[in-house]
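This report refers to the structure that appears directly beneath it.
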Amino acid sequence: MALAVESDLDALAGLLVSARNVLVLTGAGVSTDSGIPDYRGPDGTRRVTPVEYHDFVRSVGARRRYWARAFVGWRRFAMVRANAGHRAIARLQSVGALGAVITQNVDGLHQAAGSRDVVELHGTLAVVVCLACGARSRRSSLDARTRELNPNFGPGGREIRPDGDIELAEVDVARFVVPRCLCCDSDLLKPDVVFFGESVPKSRVMRCCALTDAADVLLVLGSSLRVYSGYRFVRRAAERGIAVAIVTRGPSRGDHAATVRLDATLGQVLPALAERLAA
């Protein structure tokens with residue numbers, strides 16, 4: 001396990017103390033200590049294959065497969081709790097050491113830990129949207145309806161995946177009844193998250209660009225930045241002369257732009273940083 005040395009923590013703390021406005025960008029690495037695995041390991045290799053937006057929209061079978069897996073996975077996902085890293089970020093926000101948070105995660109754990117001004121770049125699993133009519137509903141309500149449609153559906157599975165679903169055998173998927181929209185009866189229900197192959201809403205991107213432009217420091221936590229939706233803000237910061245600090249395990253796509261770079265575990269770095277800056 002990579003450990004941060006005191007000099008690295010001092011350099012990071014010094015950069016943040018000298019800043020007027022620190023914008024935070026978080027990735028899956030922030031939530032791994034809560035039991036949610038990331039898409040890639042420390043070497044950057046993708047460990048799971050996420051659902052693709054176009055497959056989901058075009059294929060009834062793809063939607064059944066997703067919702068069957070998500071139905072089982074949601075039971076575990078809903079039990080996940082914020083970890084020490086999430087709480088440290090919230091604590092640093094409370095004393096003014098950190099500003100807004102842009103998160104690539106869809107788990108809502110920053111808010112659960114008490115963070116404010118959180119922009120969910122890739123949306124949230126807690127909300128469901130109908131792609132046919134636009135109706136929105138709570139995931140908990142959909143889950144209750146799904147249980148009624150599938151009273152005896154409870155196959156075991158492997159560990160929960162980053163997007164909240166779980167691997168299931170095709171024989172189990174085939175017997176799953178997909179819930180339909182209560183407003184238009186379409187089966188085109190989708191969690192309100194940005195799937196792979198789907199674009200982040202332009203208004204959300206523009207808001208994040210404005211937050212980046214207003215910052216003195218962009219602090220990246222737990223992201224390899226392999227996905228452009230998050231990496232774009234590192235590029236934007238670098239182009240505008242805004243300092244970039246990156247704390248994550250293994251290499252990141254933005255390392256060349258980093259003023260301070262720590263290859264260390266967030267469960268170690270963030271509480272230690274909070275002790276330095278929030279004392």
Side-chain angles (χ1 to χ4, degrees), residues 28 31 34-37 50-83 86 101 103-168 172-201 203-204:
S31 293
S34 293
I36 303 174
V51 62
E52 293 280 348
Y53 176 72
H54 294 296
D55 290 340
F56 183 88
V57 172
R58 295 171 181 171
S59 170
V60 172
R63 292 194 290 278
R64 177 180 291 109
R65 186 176 304 109
Y66 174 81
W67 281 116
R69 294 174 173 181
F71 175 62
V72 177
W74 180 253
R75 300 176 195 178
R76 302 185 192 181
F77 196 87
M79 298 296 291
V80 170
R81 297 293 180 262
N83 61 52
H86 294 113
V101 175
T103 184
Q104 299 173 89
N105 301 337
V106 296
D107 51 39
L109 293 180
H110 282 300
Q111 297 93 319
S115 281
R116 50 183 170 72
D117 299 330
V118 178
V119 180
E120 294 174 308
L121 186 64
H122 295 155
T124 173
L125 282 174
V127 176
V128 177
V129 61
C130 176
L131 299 180
C133 73
R136 298 168 67 83
S137 60
R138 300 298 301 174
R139 178 65 173 271
S140 55
S141 298
L142 180 72
D143 184 64
R145 292 201 292 120
T146 306
R147 288 175 185 271
E148 293 177 359
L149 292 170
N150 299 273
N152 300 313
F153 192 83
R158 301 176 184 176
E159 69 174 359
I160 192 172
R161 292 162 28 128
D163 52 6
D165 65 353
I166 202 165
E167 286 290 348
L168 292 179
D172 292 318
V173 171
R175 62 188 179 89
F176 182 77
V177 180
V178 180
R180 306 183 75 88
C181 177
L182 290 176
C183 295
C184 71
D185 199 41
S186 170
D187 77 329
L188 282 169
L189 294 174
K190 173 181 170 289
D192 193 20
V193 300
V194 178
F195 280 2
F196 278 74
E198 185 180 6
S199 297
V200 177
S203 60
R204 199 177 300 163

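- Of all heavy-atom pairs between Arg64 and Val178, the closest is CA-CG2, 3.5 Å.
- A 4.5 Å side-chain heavy-atom check between Phe71 and Leu149 finds every atom pair outside the cut-off.
- A search for salt bridge (charged side-chain N to carboxylate O under 4.0 Å, His left out) contacts involving Arg180 returns Asp185, not counting sequence neighbours.
- Among all heavy-atom pairs drawn from Ala62 and Asp55, the shortest one is CB-O, 3.4 Å.
- Of the listed residues (Asn150, Val128, Thr146), just one forms a side chain to side chain contact (heavy atoms under 4.5 Å, CB included) with Pro179, and that residue is Thr146.
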Original post:
Does the side-chain contact (heavy atoms from CB on, under 4.5 Å) test come out yes or no for Asp107 and Val80, once each step is laid out?
Top reply: CA-CA 9 Å; Asp107 51 39; Val80 170; 6.0 Å; no
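- When all heavy atoms are compared, the tightest approach of Arg139 to Pro191 is NH1-CB, 4.4 Å.
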**OP:** Output, in order, the C-alpha distance, side-chain angles, deciding distance and verdict of side-chain contact (heavy atoms from CB on, under 4.5 Å) for Cys181 and Cys133.
**Re:** CA-CA 9 Å; Cys181 177; Cys133 73; 3.7 Å; yes
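- Separation of atoms OG (Ser199) and CZ (Arg204) is listed at 11.5 Å; rounding is to 0.5 Å.
- Remark: Lys190 is positioned above the aromatic ring of Phe195, its terminal NZ or CZ atom under 6.0 angstrom from the ring centre and at most 45 degrees off the axis.
- Listed by chain and number, the residues in a salt bridge (charged side-chain N to carboxylate O under 4.0 Å, His left out) with Arg147 are Asp143 (sequence neighbours excluded).
- Looking only at side-chain heavy atoms (C-beta outward), Leu182 and Arg145 come within less than 4.5 Å of each other.
- For the atom pair CG (Asp187) and SG (Cys130), the distance works out to 9.0 Å, reported to the nearest 0.5 Å.
- From Glu52, atom CD reaches atom OG of Ser59 across 13.0 Å, with rounding to the nearest 0.5 Å.
- No donor-acceptor pair under 3.5 Å is formed between the side chain of Thr103 and the backbone N or O of Glu120.
- The shortest heavy-atom contact between Glu198 and Tyr53 is OE1-CD1, 3.4 Å.
- Taking all atoms of both residues into account, the shortest heavy-atom contact from Phe77 to Ile36 is CE1-CD1, 3.7 Å.
- Taking 4.5 Å as the limit, every side-chain heavy atom of Arg75 sits out of range of all side-chain heavy atoms of Met79.
- The shortest distance between side-chain heavy atoms of Trp67 and Phe56 falls below 4.5 Å.
- Atoms CG and CG, from Leu131 and Leu189 in turn, are 8.0 Å apart once rounded to the nearest 0.5 Å.
- Between Val193 and Val106 the shortest heavy-atom distance is CG1-CG1, 3.6 Å.
- The closest donor-acceptor contact from the side chain of His122 to the backbone of Val194 lies at 3.5 Å or more, if one exists at all.
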